[in-house]
Amino acid sequence: MSIEIRVQADELDALAEIAAVSAGDTRVGGVVSFVGLMRDLNQGDDIASMTLEHYPGMTEKALRKIVDEALERWELLGVRLVHRVGEVRPPDPIVVVAVAAAHRGEAFRACEFIIDFLKTRAPFWKRELKADGSQRWVDARSSDDAAAAGWGD
Amino acid sequence: MSIEIRVQADELDALAEIAAVSAGDTRVGGVVSFVGLMRDLNQGDDIASMTLEHYPGMTEKALRKIVDEALERWELLGVRLVHRVGEVRPPDPIVVVAVAAAHRGEAFRACEFIIDFLKTRAPFWKRELKADGSQRWVDARSSDDAAAAGWGD
Amino acid sequence: MIRILYFASLRERLGSDGETVSDAPGSVAALRAALAARGGDWQQAFAGDQRVLVAVNQEMADDASLLKDGDEVGFFPPVTGG
Amino acid sequence: MIRILYFASLRERLGSDGETVSDAPGSVAALRAALAARGGDWQQAFAGDQRVLVAVNQEMADDASLLKDGDEVGFFPPVTGG
C-alpha cells in the first residue's frame, strides 16, 4: 500500500505521480487519476498567473484526513495526492490525485471523492493576476459544495 | 478538440496519452484518466502473460461510437482512447482512457462511461497463459454488464 | 453471399475462423438455426445455453436483425477487453 | 493565551496575518463576537453576512467549538484549492 501526500512549491510532475501510484505492485488492475490544470481564462477574464496560498500544518492534516476517509470507504492499493502552492501559470498542474485499486469502480469513486473534498475542506486559496495587471481572490463555487455534499457523511 | 482512438500491438505509453489529451489547450481545467493494467493474479491463479484478440474493423467502429456518445452527453475538450492487442505481461497497460474538460465532473463521468462501455461493447477477448503453462479464455464479468447498464440508454 | 466470422473461444470450439455461405438467410435467427443444424459443437454453440453475441457489418446486432447479400456477420463470446 | 491566524482575502481585509490574545474566550462564537466588537472591517468580517470559516488546532471547527489556553484558531474564507 503506497500512500503519498505532499504540498509543494516546486513544479508538479503529474505524470510521475500517476506512474508512481502503481509502481512495483502487480496486484493493481486500474489507476484512476485527476489532474487539475491552471486555465488561462476564468469567469471571462484572461488570467496571466495565480498564487496559491495555504495554511501550513493544517493543510497536511486536512489532506491526510480526506485520504484516510477514502481508504476506509474503498479497497485501495495506493493513493498519491500532491498539491502545488506559490505562483503557477497556465497550463501548470495545480493538483494531482492518483488512485490505484484492483478494480476500477473503487478507484473512480475514491479519486473523485478525494478531489471533491479537497475542494471544500483543504485550506488553499487562489489569487489570480489578470492579464490587465489587476488581482483578485477566486471565489468558492457553490457547485463544489454540492459535489462534496453528494457523498453524504 | 483533440480526439484520438487507437488499437495497437505496440507497447502502450499511458503517460504519453494522458499528457497528450490536454497538450496545448489552456482551456482544459481537468484531466481524468483510467489506466487498465495487467495483473499477475486472476481468480486465484498466477498469470504469466495474456493474449488480446480483437475483431479488426469492428473494434475501431465500436470505440468511435462509444467516444461519440460520450461527446454528446458531456462538454469535453479532448478524449484519447488507446487499447493494446497481442501479447501483454504484468504490469503492462492494456487500455488508457484520458478525458480533458473545462470542469472535473464531466471528465469523471465521461471517462468512467467510456471504460464501462468498452468493457461490454468493444470486441476484445483475453486469453490467459497461467504460470503452470495452461491457457484459458477469460470469462466476461456480470459486474461489467451491471456497470454499463447503470448508464441507461 | 454472406461472410461469417468466428472469434476467440468460439473460433477454437468450432475449429474455424470463418466461412462464406451462398444463401442469405432472412435474419440472424435463421442463420443461427442453420448453423446449429450442423450438430455437435455447432448445435451446442448456436442452440445451447451459451451466450454468443452477433455483429452485422461490424455493428452489434441481435437475432431479429435482417441479413442481405454481401453482409458480414461476426459471432463471438461476451467481450473481455479493457 | 490563544494564537489567532488570518488567511487569504480575510488577512488582506484585516491588514493582519495573526495575533495572540491573552484571555481565552469560552468558544469560537465568543471570540468572533470579541473580534467583531473592534468595529469597521472587523465588524464586517465577523458579524456581517460574509462566510468566514474557522479551524481550531488545525481542524475544521464551528461556532460551538470550545477554546482553551494554548489553542490555535485560524479564520479564513471558503477554500478554493484543487
Side-chain angles (χ1 to χ4, degrees), chain A residues 13-42 46-48 77 89-116 118-119 141 143-144 146-147 150, chain B residues 13-42 46-48 77 89-116 118-119 141 143-144 146-147 150:
Chain A
D13 184 345
L15 300 181
E17 303 299 335
I18 296 169
V21 78
S22 66
D25 188 344
T26 50
R27 297 170 303 165
V28 174
V31 172
V32 173
S33 62
F34 171 78
V35 181
L37 298 161
M38 186 179 165
R39 297 188 295 153
D40 63 3
L41 192 80
N42 194 20
D46 289 329
I47 310 299
L77 293 169
R89 296 172 179 282
D92 285 350
I94 295 168
V95 61
V96 58
V97 184
V99 177
H103 303 293
R104 73 184 184 282
E106 296 182 290
F108 270 107
R109 295 290 86 65
C111 186
E112 192 167 15
F113 174 91
I114 289 169
I115 186 65
D116 280 355
L118 183 151
K119 291 256 181 189
R141 295 193 314 185
S143 61
D144 285 331
Chain B
D13 184 344
L15 301 181
E17 303 300 334
I18 296 169
V21 78
S22 66
D25 189 344
T26 50
R27 297 169 304 166
V28 173
V31 172
V32 173
S33 62
F34 170 77
V35 181
L37 299 159
M38 186 181 165
R39 295 187 296 154
D40 63 2
L41 192 81
N42 194 21
D46 291 328
I47 310 299
L77 294 170
R89 296 171 179 283
D92 285 350
I94 295 168
V95 62
V96 58
V97 184
V99 177
H103 303 293
R104 74 184 183 284
E106 295 181 291
F108 269 106
R109 293 292 83 67
C111 186
E112 192 167 15
F113 173 90
I114 290 169
I115 186 64
D116 280 356
L118 184 150
K119 291 256 180 188
R141 296 193 315 186
S143 62
D144 285 330

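Just so it is clear: chains get the letters A, B, ... in the order the sequence lines come, proteins before strands, and each one is counted from 1.
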Distance in Å, A:E112 CD paired with B:C111 SG, rounded so as to fall on 0.5 Å steps |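 It comes to 10.5 Å.
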Side-chain donor-acceptor distances from residues 23-34 of chain B under 3.5 Å, at least two apart:
from	atom 1	to	atom 2	distance (Å)
B:D25	OD1	B:R27	N	3.0
B:D25	OD1	B:R27	NE	3.0
B:D25	OD2	B:R27	NH2	2.8
B:T26	OG1	A:D40	OD1	3.4
B:T26	OG1	A:D40	OD2	2.5
B:S33	OG	A:S33	OG	2.6

Side chain from CB out, backbone as N, CA, C, O: work out which of these in A:S22 comes under 4.5 Å of a heavy atom of chain B, or both, or neither.
->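 When you check distances to chain B, only side chain atoms of A:S22 fall under 4.5 Å.
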Where does A:A102 contact chain B at under 4.5 Å (heavy atoms): side chain, backbone, both or neither?
->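 Contact with chain B: backbone and side chain both.
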Go through the structure and list residues passing side-chain hydrogen bond (donor to acceptor under 3.5 Å, both in side chains) with A:D13, not counting sequence neighbours.
-> none
Less than 4.5 Å to any heavy atom of chain A: does that hold for the side chain of [X], its backbone, both, or neither?
| X | value |
| --- | --- |
| B:R89 | neither |
| B:N42 | neither |
| B:A107 | neither |

Quick one: which of A:V97, A:V35, A:D116 gives a side chain to side chain contact (heavy atoms under 4.5 Å, CB included) with B:R104?
->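 With B:R104 as partner, A:V97, A:V35, A:D116 yield a single side chain to side chain contact (heavy atoms under 4.5 Å, CB included), made by A:D116.
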